[in-house]
Amino acid sequence: MEASTSQDPIRPEQEYDTEAEPSVSPIDQLPNEILARIFEYCCPVDIGHRDPAFMRVRSRWRSVAISSPHVWTSVKLNLVPTRQYSFSGRVPSHRIGENLPKPRLLALHLGYSKDLPLVMVHISLADDRRQQVINCLQMIIQHASRWTSLQLSFHGRWNDLGVDGLETVEYLNMIQTLPLLQDFICLTKENPSQHRFSFPGILEKVARGKLQKLVLARFNSSGVARGFSLPSVTQLVLHLDMQSDDIFSVVRYCPRLVHLKYIIDGLENRSGLGARANSGSILRNLESYPQRSQTVKTLQIKLGEWVRGHTGQLFPRLIKSLNLPALTSMTISTSKQFRFTEMWPAQEFNDFFARSGCDLEALKLNSVSLADYQVMYLLLKTPRLLDLSIREIPRSPQNPNDEEGLDFPVTRFLLRELRILHDVETHRPLVPKLKRLRLSVNASVKESSGEVAFDEGTFMQMVSSRSLPPVPQQDTVGLSEEDMSIVPPSLDDSNRCLKDVKLRVYERTKKRN
């Protein structure tokens with residue numbers, strides 16, 4: 001049999017030409033603008049020992065990166081030394097500070113950014129006064145007028161057992177002005193000494209700028225001048241535990257606050273005498289500084305995994321101190337392992353709604369272990385609610401013991417109470433004006449009592465009862481088929497209609513929409 005001499009239509013003969021020029025790499029065809037944008041996302045903001053990797057690949061890449069200032073507008077300056085251990089025989093040795101940034105690389109990084117605003121500056125400090133650390137700190141402070149976002153992290157202890165450390169923090173007092181700063185985040189483990197670093201002092205400099213978001217874990221109001229104010233702050237996040245002292249006083253310095261968030265976590269608590277002694281102080285301070293604001297519209301409260309004991313008292317005391325008449329949105333979330341060791345503060349919430357007189361329009365319960373009747377009690381206090389979101393804690397089939405003490409609120413009983421009975425005049429449903437509903441629930445299972453935790457049939461009945469009824473036939477007589485589709489419902493039906501519903505079911509380890 002003769003071999004076929006026809007050419008392969010998939011592989012033309014010219015493709016086998018060994019003298020053909022190699023194809024150009026696709027990335028080499030990208031315009032400089034797109035390449036620079038890629039570098040902006042790839043550029044390591046943590047100043048280290050070497051230039052970014054893309055600076056050492058091709059000369060064109062290096063040229064594009066150097067000529068694009070926006071690639072270099074984020075700086076993470078980690079001035080906390082680490083110990084690097086090495087073993088020679090049986091004797092271990094260590095070197096300290098091998099990870100510290102080099103002033104030369106920091107100078108190049110800041111020089112490449114030209115005069116553009118620095119969109120993110122994160123400074124981590126420890127008790128280290130070596131010249132390399134001081135040079136880097138002084139260098140970044142010289143560009144403080146370009147900062148738009150600042151995050152400070154302090155690592156180390158001071159005022160502990162009479163030791164006054166972390167002297168490096170004094171260099172932050174060299175900051176003269178922060179005219180462009182919009183975000184200020186300061187998460188510390190303890191209050192520094194007043195003669196080392198003053199939070200009120202740095203906030204007074206911030207107050208003269210454009211600060212909009214403030215995140216604090218510690219605050220000492222003893223050095224705040226009379227008349228001090230943060231008029232431009234609209235978003236405030238406060239991290240609370242038993243060491244927070246008088247951080248609650250910050251709210252009164254923000255006259256135009258819109259978004260308020262509390263994060264309660266006892267992870268940093270000390271288990272000794274100090275934590276117990278300070279517990280009474282912080283609870284008294286919470287009573288001394290009622291959380292009152294005429295402008296706050298959104299409130300978020302997040303409870304961490306280790307909120308228990310004295311720290312667990314913060315949640316009901318916080319609700320008891322709140323007075324937010326303009327509030328329209330509330331979000332309460334917990335970690336998946338959170339359990340209420342004490343009773344849910346139902347009375348505190350009742351007093352809060354009565355005291356504030358707010359018309360809540362959105363309520364979100366994220367991973368909150370509540371019984372169905374406790375959710376109903378909340379809904380009774382929010383008759384004007386438009387948006388409701390409930391996310392249950394997913395069950396763990398592999399570890400059923402993890403569910404001990406947990407409640408799953410979206411039950412058949414709750415769904416029945418959410419129905420609207422149109423043929424019963426005296427029926428007063430929960431949240432009659434509800435427009436948007438988001439439920440993330442566990443699949444139907446039999447409880448120990450024999451009841452079904454979640455029932456899809458009851459859910460469908462509830463949704464159907466809140467849907468627009470069909471247009472009466474007499475209202476469509478003489479209309480064309482096209483006109484019949486646009487007949488508006490009555491005003492009463494429109495107000496009682498769900499417009500957006502989303503159900504997510506956790507089925508074992510999978511999610512079913």
Side-chain angles (χ1 to χ4, degrees), residues 18-88 92-126 128-153 155 168 171-172 180-181 183 185:
T18 57
E19 297 181 358
E21 296 182 359
S23 58
V24 180
S25 175
I27 197 170
D28 289 334
Q29 301 178 12
L30 291 178
N32 292 346
E33 293 79 7
I34 297 180
L35 198 60
R37 183 64 65 178
I38 295 175
F39 294 159
E40 183 178 356
Y41 288 102
C42 296
C43 181
V45 296
D46 195 350
I47 308 298
H49 308 282
R50 307 175 64 183
D51 289 332
F54 58 78
M55 294 277 286
R56 305 188 299 273
V57 177
R58 300 191 181 188
S59 59
R60 179 193 172 219
W61 290 17
R62 180 180 179 86
S63 177
V64 170
I66 293 177
S67 60
S68 305
H70 57 82
V71 173
W72 311 93
T73 54
S74 297
V75 180
K76 184 176 181 181
L77 199 59
N78 186 4
L79 300 177
V80 181
T82 59
R83 295 176 181 266
Q84 296 185 350
Y85 289 90
S86 61
F87 292 87
S88 176
S93 61
H94 67 270
R95 294 177 297 175
I96 303 177
E98 294 298 326
N99 68 314
L100 292 176
K102 294 183 178 180
R104 179 185 64 84
L105 291 180
L106 177 60
L108 289 175
H109 192 109
L110 295 173
Y112 292 154
S113 64
K114 305 297 183 183
D115 294 329
L116 291 183
L118 298 177
V119 298
M120 196 278 285
V121 176
H122 184 181
I123 303 176
S124 300
L125 287 177
D128 190 341
R129 294 181 62 87
R130 281 178 293 177
Q131 193 61 41
Q132 181 180 356
V133 172
I134 295 175
N135 290 344
C136 289
L137 191 56
Q138 291 177 336
M139 190 181 305
I140 190 65
I141 289 177
Q142 291 177 0
H143 295 263
S145 60
R146 294 201 286 145
W147 299 351
T148 61
S149 177
L150 172 62
Q151 179 173 346
L152 295 178
S153 300
H155 299 263
T168 317
Y171 286 89
L172 294 176
L180 301 182
L181 196 68
D183 299 343
I185 303 172

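- Proximity of I66 to M55: side-chain heavy atoms (C-beta onward) are separated by under 4.5 Å at one or more points.
- Just one of R37, K114, E40 meets the side chain to side chain donor-acceptor pair (under 3.5 Å) condition when paired with H70; it is E40.
- Atoms CG and CG, from L100 and N78 in turn, are 8.0 Å apart once rounded to the nearest 0.5 Å.
- Between the CG atom in L35 and the OG atom in S68 there is a gap of 8.0 Å [rounded to 0.5 Å].
- Remark: R62 pairs with D51 by the salt bridge (Lys or Arg N to Asp or Glu O under 4.0 Å) rule, at least two apart or across chains.
- Between L79 and Q132, the closest side-chain pair of non-hydrogen atoms is not below 4.5 Å.
- In this structure, T73 and T148 have side chains that are not in contact, with every pair of non-hydrogen atoms separated by 4.5 Å or more.
- Considering only heavy atoms from C-beta on, L110 stays 4.5 Å or farther from Q142 through its side chain.
- Residues H143 and S113 have side chains not in contact (no heavy-atom distance under 4.5 Å, counting atoms from C-beta outward).
- Using the six-membered ring where Trp is involved, W72 and H109 have ring planes that are perpendicular, over 60° apart on the 30 and 60° scheme.
- The shortest side-chain heavy-atom distance between S149 and Q151 does not fall under the 4.5 Å cut-off.
- In terms of heavy atoms, W147 sits closest to I141 at CZ2-CA, 4.1 Å.
- Once rounded to the nearest 0.5 Å, the distance linking CZ of R104 with SG of C136 reads 11.5 Å.
- Heavy-atom minimum distance, P103 versus N135: CG-CB, 4.2 Å.
- Checked options V121, L150, L118; the residue passing with L181 is L150 (criterion: side-chain contact (heavy atoms from CB on, under 4.5 Å)).
- Atoms CD1 and CZ, from I38 and F54 in turn, are 11.0 Å apart once rounded to the nearest 0.5 Å.
- A heavy-atom distance below 4.5 Å is not found between the side chains of Y112 and V71.
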TODO: Check the pair N32 / R60 against side chain to side chain contact (heavy atoms under 4.5 Å, CB included), numbers first and verdict last.
DONE: CA-CA 9 Å; N32 292 346; R60 179 193 172 219; 2.8 Å; yes
